[in-house]
Amino acid sequence: MKQRPSFPARLDTTLAKNRPNAHGVPAPAAAAVTPAPLRNTPAAPNKNPSTAKPAAPQGHGMESGAVRARMVQKLAAGGISDAHVLAAMGTIERHRFVDSALINQAYEDTSLPIGLGQTISKPGVVSRMLELLRNGNSGKLGRVLEIGTGCGYQAAVLSLLASEVYSIERLRGLHDRARENLRHLRLANLHLLFGDGMVGYAKGAPYAAIIAAAGGEAVPQAWVDQLAVGGRLVAPVVTPGAPGGAQALLVLDKTPQGVRQTILETVHFVPLKSGVA
Ligand code: SAH
């Protein structure tokens with residue numbers, strides 16, 4: 001049966017002035033997010049040409065690090081100012097998460113198909129959401145829940161910005177693909193889960209932050225319940241009354257006084273669906 005999420009019952013717009021940081025831990029000094037030492041070595045040789053991932057985008061005439069640096073410059077020029085987010089975006093090799101036929105577009109600010117009708121989000125949107133999620137925090141986030149692992153790209157970026165990441169995917173095929181895509185990174189703090197993210201993941205709660213990569217008509221109550229007080233949730237939601245199911249970015253802060261919601265710009269995400277497949 002289709003579960004219908006409900007908006008949080010309590011809506012309080014008075015936000016405590018001295019909001020604790022999302023994980024309640026004193027902020028370490030700058031450059032805390034020196035990205036985890038990731039290996040730049042290509043993945044193990046893959047005999048299957050349809051799934052083989054070259055180490056660098058072809059046809060650019062440059063090494064992938066330089067292409068990524070240019071992408072990061074564009075993100076900064078486009079308004080992303082959180083140095084930790086920019087560093088993480090510059091570290092994770094997006095071309096490893098897309099089909100080999102799309103590798104040349106991997107560092108363009110565009111969403112790309114990842115199979116089973118789903119898409120990897122645009123770098124501009126990923127970095128925007130992560131910046132909102134970090135909310136100016138000077139250190140790492142604590143435990144984070146991601147709904148919609150997809151190809152695993154955003155989960156990898158998140159893992160550089162949080163102490164632990166739990167990422168849920170409802171499509172078995174993509175869950176398996178993400179595991180494959182992420183293997184070379186050996187991210188010990190990233191936990192991939194197969195299941196229906198509409199119910200969250202109670203075992204990891206409370207979360208310092210929750211991020212969704214698929215948009216529903218409302219934020220499931222389970223997400224709000226599993227968010228820590230002082231935590232922040234960023235998700236696309238269908239704008240009530242908007243034609244064609246248009247979505248907007250929702251930022252939800254859970255404060256000791258209640259929940260505060262802010263609707264931001266229009267976004268285009270795949271739909272949030274219940275159940276697994
Ligand atoms: N962040 C991902 C984006 C994937 S698109 C990336 O970097 O690739 C969003 C994903 O959300 C899709 O894979 C879709 O299957 C998944 N999704 C939709 N509803 C879901 C649900 N209830 N639980 C878990 N995943 C869901």
Side-chain angles (χ1 to χ4, degrees), residues 1-5 53 71 85 88-89 91-99 102-103 105-133 144-162 165-182 185 187 190-202 204 207 209-223 226 233-238 245 247 249 267-277:
M1 207 182 76
K2 199 170 159 135
Q3 232 178 302
R4 219 179 151 77
K53 298 277 168 71
M71 176 190 83
V85 172
M89 297 292 292
T91 301
I92 300 298
E93 300 176 317
R94 192 169 183 258
H95 68 272
R96 287 181 181 270
F97 293 83
V98 300
D99 192 83
L102 299 170
I103 276 181
Q105 296 171 64
Y107 296 103
E108 288 169 18
D109 196 20
T110 178
S111 54
L112 295 168
I114 53 173
L116 301 174
Q118 309 302 316
T119 52
I120 180 174
S121 312
K122 291 158 84 147
V125 171
V126 171
S127 53
R128 165 79 168 142
M129 289 178 81
L130 294 178
E131 182 167 78
L132 286 167
L133 203 66
V144 178
L145 175 67
E146 178 186 55
I147 294 95
T149 313
C151 65
Y153 171 71
Q154 180 174 276
V157 180
L158 251 179
S159 77
L160 302 182
L161 301 170
V165 176
Y166 295 87
S167 181
I168 313 181
E169 173 57 54
R170 66 177 288 275
L171 297 177
R172 171 68 77 181
L174 283 178
H175 168 76
D176 291 344
R177 199 167 303 171
R179 196 170 287 291
E180 181 67 29
N181 288 342
L182 288 159
L185 289 171
L187 299 164
L190 173 54
H191 314 283
L192 298 185
L193 308 159
F194 170 61
D196 181 1
M198 297 265 278
V199 299
Y201 182 63
Y207 296 101
I210 298 180
I211 184 167
E217 283 172 22
V219 168
Q221 184 61 42
W223 300 357
Q226 290 173 25
L233 180 155
V234 179
V237 282
V238 174
Q247 300 167 338
L249 218 47
V267 284
H268 305 280
F269 279 83
V270 296
L272 180 72
K273 294 188 175 169
S274 57
V276 294

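Everything numeric in this text was worked out from a predicted model, so none of it was measured. All heavy atoms count here, side chains included; hydrogens, waters and symmetry mates do not. Counting convention: from 1, in listed order, for ligands and their atoms alike. All residue numbers refer to positions in the sequence shown, counting from 1.
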Q: What distance separates Gln118 CD from Glu169 CD, expressed to the nearest 0.5 Å?
A: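 One gets 6.5 Å once the value is rounded to the nearest 0.5 Å.
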
Q: Should the pair Arg172 and Phe194 be classed as cation-pi, given the thresholds of under 6.0 Å to the six-membered ring centre and 45° from the axis?
A: yes

Q: Check whether any side-chain N or O of Arg94 sits under 3.5 Å from a backbone N or O of Ala106 as a donor-acceptor pair, and report yes or no.
A: yes

Q: Indicate yes or no: at least one non-hydrogen side-chain atom of Ile92 is less than 4.5 angstrom from one of Leu185.
A: yes

Q: How far apart are the C-alpha atoms of Thr149 and Leu174, what are their side-chain angles, what is the distance that settles it, and do they pass the side chain to side chain contact (heavy atoms under 4.5 Å, CB included) test?
A: CA-CA 8 Å; Thr149 313; Leu174 283 178; over 6 Å; no

Q: Donor-acceptor pair, Glu146 side chain versus Ile211 backbone, under 3.5 Å?
A: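 Checked: no pair found.
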
Q: Distances only, to 0.1 Å: what are the N or O pairs between ligand 1 and the protein that fall under 3.5 Å?
A:
residue, atom, partner, partner atom, Å
ligand 1, 1 (N), Gly148, O, 3.4
ligand 1, 7 (O), Gln154, N, 3.2
ligand 1, 8 (O), Cys151, N, 3.1
ligand 1, 13 (O), Glu169, OE1, 2.7
ligand 1, 13 (O), Glu169, OE2, 3.3
ligand 1, 15 (O), Glu169, OE2, 2.6
ligand 1, 19 (N), Lys273, N, 3.1
ligand 1, 22 (N), Asp196, OD1, 2.9
ligand 1, 22 (N), Lys273, O, 2.6
ligand 1, 23 (N), Gly197, N, 2.7
ligand 1, 25 (N), Arg170, N, 3.3

